[in-house]
4 protein chains.
Amino acid sequence: MFPEESSTRKRILTAALAEFSEFGLAGARVDRIAQKAGVNKAMIYYHFSSKKALHQEVIKQHFSRILTAAGQTVTVSDRFEDLLKSFTEVYAAAFSINPEFVNILLRELADSGSENTKMIADMIASSGLPKQIVSSFQAGIEQGHFRPVDVRQTFVSFILMNVGYFILAPIIDKIWDVTDRDQFVSERKEAVIDLFLHGVKIR
Amino acid sequence: MFPEESSTRKRILTAALAEFSEFGLAGARVDRIAQKAGVNKAMIYYHFSSKKALHQEVIKQHFSRILTAAGQTVTVSDRFEDLLKSFTEVYAAAFSINPEFVNILLRELADSGSENTKMIADMIASSGLPKQIVSSFQAGIEQGHFRPVDVRQTFVSFILMNVGYFILAPIIDKIWDVTDRDQFVSERKEAVIDLFLHGVKIR
Amino acid sequence: MFPEESSTRKRILTAALAEFSEFGLAGARVDRIAQKAGVNKAMIYYHFSSKKALHQEVIKQHFSRILTAAGQTVTVSDRFEDLLKSFTEVYAAAFSINPEFVNILLRELADSGSENTKMIADMIASSGLPKQIVSSFQAGIEQGHFRPVDVRQTFVSFILMNVGYFILAPIIDKIWDVTDRDQFVSERKEAVIDLFLHGVKIR
Amino acid sequence: MFPEESSTRKRILTAALAEFSEFGLAGARVDRIAQKAGVNKAMIYYHFSSKKALHQEVIKQHFSRILTAAGQTVTVSDRFEDLLKSFTEVYAAAFSINPEFVNILLRELADSGSENTKMIADMIASSGLPKQIVSSFQAGIEQGHFRPVDVRQTFVSFILMNVGYFILAPIIDKIWDVTDRDQFVSERKEAVIDLFLHGVKIR
DNA sequence: CATGAATGAGGATTCATTCAT
DNA sequence: GATGAATGAATCCTCATTCAT
């Protein structure tokens, strides 16, 4: 999807990702990006039309990579439970492996009308992942395995239980005295699946 | 808690809240704040030592007000279910009434080592709300009403189901075609309680 | 017409006139203007929105001043010859007293579609000077003093004979070995009037 | 005079002429010249040592070409009147056929100490045209056809009446409501000759 | 308290020029 | 000859902050 990128261009994008993640678009400094990338400041403008355009490209590529990886990792399975577990793993992996992911996402979310937010949403939607799990869940309801709940709301809840922690971690950790975040995440996976399944299954 | 504030100082704080919410600390412009507040730029420096100090004060006051209001609104009740509903209502109210709340929070969360994030967490912790619901839930487990789940993880899930939507709304709305956000929030309250209670109750 | 201008603003305008006259809009340096004016570079942007806007203001004020002065100097007379002499004097004075005048004018003329050129033309037209001399000349034709020539073309010729030298001086001086420009201008006034009157009078 | 120019070099010179005419030396952009010429920017530096050197070369060639053409077009005639008409035609042709001519000239004139202005003046002087008409005119005076006027001033007036319009056209057109420039120029030729001859002839 | 003016240190962007291939 | 990439020195403009009144 991003073929034949010159080494310089790649280095700029990598440096920019770090910079934008740490300082946001407004707080980022082009000088610093150039320094991190080990290139002349003017080279940034040779490859990208402006700081804003660079920012957009960074977001596009970063989210695209993560979603592609996620799509390839989700286990295709007939058993809804396996699919659920697979999703939980993928979420955790995506956020753990890419530390910049959360920050970039948070800053875009704070930019109310941000074009990038729309782009991200489109990417997620067109990845097909949401539809996949929903139709699987819907089937489970029709087959009598799950209570006839509001599918949309229920799945939103599932996403939030998974993703939400990574977003609010700094606050949650402080309030609940989470010291070992890795262990907490690890325990969290089971807890989320457990709560969700008990919440929807017919017994 | 914030007594004897001059009208000018208040106007500055209000204007600053809007500015910081929209643009963040780095993107905010002192000129614009002065203009919004209808005061001379120098007045801002008469009342606050720097842009950063103003930012901090804005966050402190804003979150303090919201948490105070939340604390006063939560219904004290013996029935866990009522307490749960009360919390859900309070979350929804806090986020709906204060549009700037989410943005400010998101931006602070993105600021990794942010002192403000710690401040916010402290405020929430010292409001006693988390402890209240957790001990109520713990009692329910001991009385045999709820399954013996990990209390911490479970309650984190509950928070995320409630709060998470407001944070990720721009993305969720786009993926799930939410057009009427108010109605979605309204439906959401019941769905969350329903999922959570089914998830933890012993039947 | 330009009342209550602060000393700083005036100093900037004066410095800018010199700079723009010497280097043109593209070649002018904001730093140099600030230095010449003895003010901080940022003050220029405090008083004017951009280099271009400053340029425009400089031109507007400069030409306005010169035209106002010219209008006040032209002798109102019934004798066409006196009016003619008066014009010649005024042209010479305007160009001699304001060395920047020519350069600024030349550069604007070179800017084909320049808004400023239109502005200058409007100023000249609305000064009433062209109409004044033309109607006086027209009267002379009707009274039988002058040959029935094309008034427009003839008056354009008169202007060019007067103004043209100042514009092409660097070339003319070199080709015709003009060493004492002041003397040449002085002789020129008579020569122009003489040629023109002989050219139009009926004898 | 400019032999063996490679196609690339020619294309650069043509593109540069357009660029310099439109924007002047300071406003011209090397990138834009390269783009217009359809060559790589570095090629410009392969053929010319700097932007300034290119500029100089452009002016040299352009004026040389125009003067050469003018010299070849002027009709050699014993009758002064024919010579006069020939000059008027040549001026009009030179300015009408080469739209860039005026702009380049104006910009050089505005550059007070410009070396190029001297170069242009030298070219004109060494073309012999000025001397030719002056000596012809001088002969006319001596033969009693013309009044004993100041030859230098008179001929400067003649030049200005011819050339001046093309320089001040943007302003003149606006003040005198010239809509059809071609027609105005056409009428102008006769008017200028008429005024000049009546101005100098003895009757 | 309040203001208009002033300032210094950036900050994004540009541009003539050069280099490696 | 020709090119894409690279560079350093500007260049315009901004912005938090301060000062005189």
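The sequence lines fix the lettering, A, B, ..., with proteins before strands; numbering per chain opens at 1.
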Worksheet item: With Watson-Crick and G-U wobble geometry limited to distances under 3.5 Å, how should the secondary structure of DNA chain E be encoded in dot-bracket form, using | for bases paired to another strand and [ ] for crossing pairs?
Response: .||||||||||||||||||||

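Here D/Glu115 pairs with D/Lys118 under the salt bridge (charged side-chain N to carboxylate O under 4.0 Å, His left out) rule; sequence neighbours left out. Under the rule for a salt bridge (charged side-chain N to carboxylate O under 4.0 Å, His left out), the partners of A/Arg9 that lie at least two apart in sequence or sit in another chain are A/Glu5, A/Glu57. For C/Asn40, there are no side chain to side chain donor-acceptor pair (under 3.5 Å) partners at least two apart in sequence or on another chain. Under the rule for a side chain to side chain donor-acceptor pair (under 3.5 Å), the partners of B/Lys36 that lie at least two apart in sequence or sit in another chain are B/Glu19. When the salt bridge (charged side-chain N to carboxylate O under 4.0 Å, His left out) test is applied to C/Lys51, no partner is found at least two apart in sequence or on another chain. The side chain to side chain donor-acceptor pair (under 3.5 Å) check on D/Ser114 picks up D/Glu108, D/Thr117, with sequence neighbours excluded. The salt bridge (charged side-chain N to carboxylate O under 4.0 Å, His left out) search around D/Lys41 returns D/Asp31, not counting sequence neighbours.
Looking only at side-chain heavy atoms (C-beta outward), C/Phe63 and C/Leu105 come within less than 4.5 Å of each other.
Annotation for A/Ile12 and A/Ile33: closest pair O-CG2, 4.1 Å, computed over non-hydrogen atoms.
Within the structure, the ring pair (Phe, Tyr, Trp, His ring centres under 6.0 Å) test picks out no pair touching residues 22-45 of chain A (sequence neighbours left out).
Using bins of under 30°, 30° to 60° and over 60° for the plane-to-plane angle, the ring pair B/His55/B/Phe20 lands in the perpendicular bin.
Within residues 35-49 of chain C, the residues approaching DNA chain F are C/Lys41, C/Ala42, C/Tyr45, by heavy-atom distance under 4.0 Å. Heavy-atom distances under 4.0 Å link DNA chain F to B/Ala28, B/Arg29, B/Val30, B/Asp31 of residues 10-31 of chain B, given in residue order.
For DNA chain F, the outermost nucleotides in 5' to 3' order that have an atom under 4.0 Å from a heavy atom of chain C are F/dT11 to F/dC15.
With hydrogens and angles disregarded, no donor-acceptor distance shorter than 3.5 Å links the side chain of D/Arg107 to the backbone of D/Leu25.
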